[in-house]
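Counting starts at 1 for both ligands and their atoms, following the listed order.
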Amino acid sequence: MFMRIDHVGIACHDLEEKIAFFERTFELTVVAREVNEEQGVKEAMLRIADGEGGGSYIQLLEPLGPDTPVGRFLAKRGEGVHHVAFGVPDVEAALGEIGGRGVRLLDEKPRHGSMGSSIAFLHPKDVGGMLTELVQAPPRRL
Ligand code: MC0
């Protein structure tokens with residue numbers, strides 16, 4: 001079901017400051033930036049590697065406000081790993097299979113994710129405390 005780790009999402013207070021740190025320290029490059037109003041975030045994707053089914057990335061996330069998933073996470077836990085996202089070939093099919101195995105779905109239907117992907121989240125309490133995202137990359141994405 002999982003083809004790769006698509007990205008690790010990291011919550012931060014200051015996106016520009018954190019991008020500069022990752023570029024300077026790990027020699028990574030930002031390949032996409034987006035404001036996702038529905039998810040309440042401003043985000044940047046830094047490419048780690050390319051693969052057949054899609055790439056893998058570090059995703060830096062700054063909340064658009066305190067009353068958003070990442071805003072609440074920062075207030076409660078501070079900066080750090082917010083979620084892990086796994087690449088799947090078909091997010092809707094994966095949701096059906098995983099939901100059928102008793103895991104609570106935070107999204108019944110896929111939503112818009114970074115770089116044109118379709119995404120859906122699973123409840124962290126049902127996945128060992130890890131907020132888990134499913135990602136279906138668009139066909140052309142590297
Ligand atoms: C909350 N909890 C987490 C967590 N966030 N555990 C692990 N990782 C996280 N990121 C825990 C809390 O500590 C709490 O446990 C319980 O889950 C309920 O959380 P809450 O305090 O009630 O907080 P809420 O109301 O913010 O809800 C958490 C929930 C929410 C995960 C349901 O954040 C959500 O629906 N997230 C999915 C959407 C999302 O995160 N979007 C932003 C990234 P205790 O033990 O205290 O009860 S968007 C994105 O990443 C896009 C752009 C993309 O990848 O393309």
Side-chain angles (χ1 to χ4, degrees), residues 1-23 25-26 28-142:
M1 178 181 294
F2 291 166
M3 301 188 295
R4 68 186 187 287
I5 293 177
D6 184 279
H7 65 266
V8 175
I10 298 175
C12 64
H13 291 291
D14 183 337
L15 185 64
E16 298 311 319
E17 185 260 325
K18 210 56 86 195
I19 287 171
F21 171 80
F22 273 80
E23 287 182 334
T25 309
F26 302 121
L28 297 174
T29 303
V30 173
V31 292
R33 284 171 182 260
E34 190 171 327
V35 173
N36 187 326
E37 298 276 354
E38 185 184 35
Q39 296 290 345
V41 295
K42 185 161 83 166
E43 52 101 348
M45 297 291 269
L46 294 89
R47 180 183 277 130
I48 305 274
D50 290 328
E52 256 180 51
S56 63
Y57 306 85
I58 291 287
Q59 181 185 60
L60 301 176
L61 299 158
E62 180 187 314
L64 294 180
D67 194 19
T68 59
V70 175
R72 286 189 290 273
F73 178 92
L74 281 173
K76 208 167 175 180
R77 300 180 178 215
E79 293 189 321
V81 174
H82 177 260
H83 65 266
V84 176
F86 297 94
V88 294
D90 181 335
V91 71
E92 210 152 2
L95 280 175
E97 287 167 31
I98 294 166
R101 292 170 194 155
V103 172
R104 276 171 291 170
L105 310 177
L106 294 170
D107 301 297
E108 297 286 338
K109 292 262 171 211
R111 296 179 191 273
H112 165 75
S114 58
M115 301 193 291
S117 60
S118 294
I119 62 170
F121 285 91
L122 311 177
H123 202 292
K125 291 288 170 194
D126 292 350
V127 192
M130 176 177 76
L131 178 58
T132 303
E133 181 182 334
L134 309 176
V135 180
Q136 180 182 342
R140 282 179 294 107
R141 185 169 133 188
L142 289 176

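- By heavy-atom distance, the residue among Leu106, Val84, Ile119 lying nearest atom 32 (C) of ligand 1 is Leu106.
- With a 4.0 Å cut-off on non-hydrogen atoms, Lys76 touches ligand 1 through its side chain and not its backbone.
- For the ligand labelled ligand 1, residue Met115 lies outside the 4.0 Å heavy-atom shell.
- Of the protein's non-hydrogen atoms, the one nearest atom 41 (N) of ligand 1 is Gln39 OE1, 2.9 Å.
- Taking distance alone, with nitrogen or oxygen atoms compared against 3.5 Å, Ser117 stays at or beyond that limit from ligand 1.
- Minimum heavy-atom separation, Leu106 to Leu122: CD1-O, 3.7 Å.
- Comment: Arg4 engages Asp6 in a salt bridge, judged by a side-chain N to carboxylate O separation of less than 4.0 angstrom.
- The minimum heavy-atom distance between Val91 and Ser118, with the atom names listed, is CG1-CB, 3.9 Å.
- At the shortest separation from atom 25 (O) of ligand 1 among protein heavy atoms lies Arg72 NE, 3.4 Å.
- Residues Glu34 and His112 have side chains that bring a donor and an acceptor to within less than 3.5 angstrom of each other.
- Taking all atoms of both residues into account, the shortest heavy-atom contact from Phe86 to Ile5 is CE2-CG1, 3.9 Å.
- The protein heavy-atom contact nearest to atom 49 (C) of ligand 1 is Phe121 CZ, 3.9 Å.
- Close to ligand 1: Arg77, with a non-hydrogen atom less than 4.0 angstrom away.
- Ranking the protein heavy atoms by distance from atom 53 (C) of ligand 1 puts Gln59 NE2, 3.2 Å first.
- Residues passing the ring pair (Phe, Tyr, Trp, His ring centres under 6.0 Å) test with His82, sequence neighbours excluded: Phe73.
- In this structure, Leu131 CG and Asp126 CG are separated by 11.5 Å, a value rounded to the nearest 0.5 Å.
- Among all heavy-atom pairs drawn from Glu79 and Cys12, the shortest one is OE2-CA, 3.3 Å.
- Any N or O atom pair closer than 3.5 Å counts here, and Glu133 shares at least one such pair with ligand 1.
- Considering only non-hydrogen protein atoms, atom 47 (O) of ligand 1 sits nearest to Lys125 CE, 4.0 Å.
- Within a 4.0 Å radius of atom 2 (N) of ligand 1, the protein contributes one or more non-hydrogen atoms.
- Contact analysis leaves Gly9 out of contact with ligand 1, as no non-hydrogen atom separation drops below 4.0 angstrom.
- With sequence neighbours left out, the side-chain hydrogen bond (donor to acceptor under 3.5 Å, both in side chains) criterion links His13 to no other residue.
- Scanning all protein heavy atoms for the shortest distance to atom 30 (C) of ligand 1 gives Pro69 CB, 4.3 Å.
- Close N/O approach between His123 and ligand 1 is not found [any backbone or side-chain N/O within under 3.5 Å].
- Taking atom 5 (N) of ligand 1 as the reference point, the nearest protein heavy-atom neighbour is Phe73 CD1, 4.1 Å.
- With a 4.0 Å cut-off on non-hydrogen atoms, Pro124 touches ligand 1 through its side chain and not its backbone.
- Closest protein heavy atom to atom 50 (O) of ligand 1: His83 CE1, 3.0 Å.
- Here Glu133 does not pair with Arg111 in a salt bridge; the nearest charged N to carboxylate O distance is not below 4.0 Å.
- There is a protein heavy atom less than 4.0 angstrom from atom 14 (C) of ligand 1.
- Distances below 4.0 Å separate heavy atoms of His7 from the following atoms of ligand 1: 54 (O).
- Of the inter-residue distances, the one linking Tyr57 atom OH with Glu43 atom CD reads 11.5 Å to the nearest 0.5 angstrom.
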